[in-house]
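Predicted model, so just to flag it, every value in this text is computed and none were measured. Indexing begins at 1, ligand by ligand and atom by atom, following the structure's order.
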Amino acid sequence: MADGTSIESSLNETRVFQPSRDFAGRARVGSLEAYEALYARSMDDPDGFWTEVASELEWFEPWSRVMEGDAPWVKWFVGAKTNLSYNCLDRHLTTWRKNRAALIWEGEPGDVRVFTYQMLHREVCRFANVLTTLGLEAGDRATIYLGMIPELPIAMLACARIGVTHNVVFGGFSADALRDRINDSRSRVVITADGGRRRGAVVPLKKNADEAMTDTPSVEHVIVVRRTGEDVSMRSGRDLWLHELYRDASDRCEAAALDAEHPSFMLYTSGTTGKPKGVVHSTGGYMVGAYATARWVFDLQDEDTYWCAADCGWVTGHTYIVYGPLLNGTTCMMYEGAPNHPGPDRLWSIIEKYRVTILYTAPTAIRSFIKWGDQWPEKHDLSSLRLLGTVGEPINPEAWMWYHTRIGGGRCPIVDTWWQTETGSIMISPLPGATPTKPGSGTRPLPGIVPDIVDKDGRSLPDNQGGFLVVRRPWPSMMRTIYGDPERYERQYWNEIPGVYFTGDGARRDEDGYYWIMGRIDDVINVSGHRIGTMEVESALVSHANVAEAAAVGVEHDVKGQAVVAFVTPKGASAPGPELTDALRDHVAKMIGAFAKPEQIRFTDALPKTRSGKIMRRLLRDLASGRETVGDTTTLEDYSVLAALRESEEG
Ligand code: WTA
């Protein structure tokens with residue numbers, strides 16, 4: 001746990017926005033009383049409550065118990081059999097939704113592909129048959145390394161259809177990061193493309209994958225989607241073009257009856273120490289969480305064109321581009337490229353063109369839009385929008401107000417949704433027709449969720465006192481384990497404060513029961529909504545030949561939310577300076593991905609450490625953000641180190 005220091009909360013936001021009568025009148029949950037009744041029912045009779053929600057979906061065999069076991073080892077919908085892909089697709093084919101657009105996709109160059117539910121079903125079946133032909137079976141793992149093209153959700157749904165646990169790796173990750181994730185997941189198959197389109201250029205996905213696969217003994221086959229038409233090398237026997245495999249693939253494929261606890265997917269995320277961990281999610285509980293939260297929070301209606309502008313490489317893309325909306329039979333917009341290509345109004349032009357009604361994006365994107373200027377959204381008719389959402393980091397009230405007025409025209413509620421890769425689905429969020437919102441607050445917990453603010457001994461704290469955000473009861477979509485490391489799962493999430501789920505976030509609760517997230521309290525940096533462990537950046541830096549030791553910290557950043565600042569002790573005779581700085585930034589990009597590049601590198605002879613040898617990141621954080629050293633420094637090994645650091649040369 002972070003050094004146990006109390007968390008000061010300085011934000012004091014007093015504006016309150018009521019849901020409009022118009023919105024509330026048509027909403028699924030249309031009043032605060034209705035939300036409170038739903039919440040109360042989920043507390044008084046959790047089994048009855050979840051049974052009701054789960055029964056809106058299809059199960060091949062019923063459960064004997066809704067929940068069983070003690071945290072952290074709980075099972076949901078015990079003994080039931082179902083299939084995520086079936087519930088996302090087949091379930092709609094006997095209804096009018098058969099011919100509803102499931103996916104409207106626009107490529108960065110402007111090409112468009114539309115899939116109705118029927119068409120998407122057909123593609124998913126073909127892809128699933130391809131996987132089966134290659135020998136994949138339920139329980140195997142497949143790594144997916146693609147850009148934002150329709151084949152990405154198709155591959156995910158195909159895996160889910162036959163019980164292959166998918167492991168999506170964000171297309172912005174480097175070859176090294178990809179290799180680690182393929183190896184840790186022991187994937188038999190890698191699904192990639194010749195290239196991806198991003199900001200007018202080509203991301204060499206296949207080339208990166210080839211570099212990653214110089215040392216990935218588990219990989220038997222590579223399925224390659226043709227997207228950019230690049231020349232790529234295809235290793236015979238291992239690498240296969242999807243369009244060739246499709247030739248013999250039938251478009252019929254029965255959905256496997258999978259146990260509710262079957263691992264549907266894993267997704268790597270950064271934690272306090274050590275390497276990224278593969279967060280494992282279930283089938284039944286995850287499905288119920290994704291379905292219900294998408295319905296409540298986004299108030300999905302038959303007329304909606306819903307757009308989550310995240311990437312499928314992160315959990316937001318899993319639950320709110322693919323599974324949640326499709327389980328609800330929604331029409332989803334999907335866009336391949338950069339938000340500022342060819343101009344800074346690309347998002348707004350897409351909203352206007354397809355009459356998008358719901359937009360879900362991240363504070364870091366909103367801050368970029370603000371920086372690019374109001375003239376861009378003003379050029380477009382955004383009147384189709386009725387609801388806005390944010391996720392990934394705390395949203396500053398100014399950005400919230402800009403989003404509300406400039407994008408939402410003052411008429412759209414904003415749902416600020418707090419959750420994590422580990423929670424599987426949204427935990428704290430307004431319901432747009434019910435909850436009065438306060439800019440910067442995720443407001444109140446969703447039904448079934450029991451958050452609390454506690455001190456380091458697990459005692460609940462009074463209103464408005466900052467502390468650790470925890471969750472007191474298990475919920476259906478919670479992670480089930482860390483792949484290959486159950487002990488770490490127990491230790492990091494459930495033993496920090498015995499018996500409760502430890503989120504790693506600091507927060508306070510106000511007098512109205514509203515939650516205000518204050519950010520991470522562990523050594524995780526949230527850069528543009530991407531979680532990076534300080535450890536990962538440090539490991540990347542010290543793997544460079546000229547680095548002896550390194551410490552990475554996060555500092556506030558106007559657009560990215562947080563940026564990485566690295567303190568580096570060069571090795572031997574290597575000269576600190578701009579050249580080494582550039583080399584190290586490139587090295588981090590190569591090892592992890594460009595998004596993890598340190599904003600600043602500062603060279604120092606030594607790092608401040610406690611007597612037990614722990615790097616005192618708190619001091620470095622203060623130094624990096626230009627604050628004076630605060631708090632207790634008596635555990636410093638060498639006071640002169642701190643003085644030297646203050647004068648440290650900036651690279
Ligand atoms: C942060 C993304 C404040 C938080 C879904 C959390 C937020 C981490 C919010 C999870 C929000 C996410 N307000 N902070 N609305 N949403 N966070 O795993 O620190 O990529 O622990 O999941 O992002 O990031 P992850």
Would you list the pairs meeting ring-ring contact (aromatic ring centres under 6.0 Å, His included) in which at least one residue belongs to residues 407-427, sequence neighbours left out?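 Pairs touching residues 407-427 that pass the test: Tyr320-Trp419.
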
Who are the salt bridge (charged side-chain N to carboxylate O under 4.0 Å, His left out) partners of Asp512, not counting sequence neighbours?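 If we apply the salt bridge (charged side-chain N to carboxylate O under 4.0 Å, His left out) test to Asp512, skipping adjacent residues, the hits are Lys438.
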
Just distances here: any N/O of [X] and N/O of ligand 1 closer than 3.5 Å?
| X | value |
| --- | --- |
| Thr417 | yes |
| Arg531 | yes |
| Gly392 | yes |
| Asp505 | yes |

Quiz question: by atom type and distance under 3.5 Å, do the side chains of Asn328 and Arg295 form a donor-acceptor pair?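 Yes.
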
Residues Lys590 and Asp176 bridged, charged N to O under 4.0 Å: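 Counted as a salt bridge, because a side-chain N and a carboxylate O are separated by less than 4.0 Å.
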
For [X], take its heavy atoms, then give the atoms of ligand 1 lying under 4.0 Å from any of them.
| X | result |
| --- | --- |
| Ile517 | 3 (C), 14 (N) |
| Asn526 | 1 (C), 23 (O) |
| Val315 | 5 (C), 22 (O) |
| Thr316 | 5 (C) |

Is Trp314 close enough to touch ligand 1? Criterion: a residue heavy atom under 4.0 Å from a ligand atom.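 No.
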
Is the closest heavy atom of Gly519 to ligand 1 under 4.0 Å?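 For ligand 1, residue contact (heavy atoms, under 4.0 Å) with Gly519 is absent.
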
ring-ring contact (aromatic ring centres under 6.0 Å, His included) with Phe502: which of Trp494, Tyr493, Phe468, Tyr489?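 Checked Trp494, Tyr493, Phe468, Tyr489 against Phe502; only one passes ring-ring contact (aromatic ring centres under 6.0 Å, His included): Phe468.
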
Given the ring of Tyr35, does Arg444 sit roughly above its face, with NZ or CZ under 6.0 Å from the centre of the six-membered ring and within 45° of the axis?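 No cation-pi geometry.
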
Would you please test Phe265 and Tyr286 for ring pair (Phe, Tyr, Trp, His ring centres under 6.0 Å) and show each step? CA-CA 10 Å; Phe265 70 88; Tyr286 174 77; 5.0 Å; yes

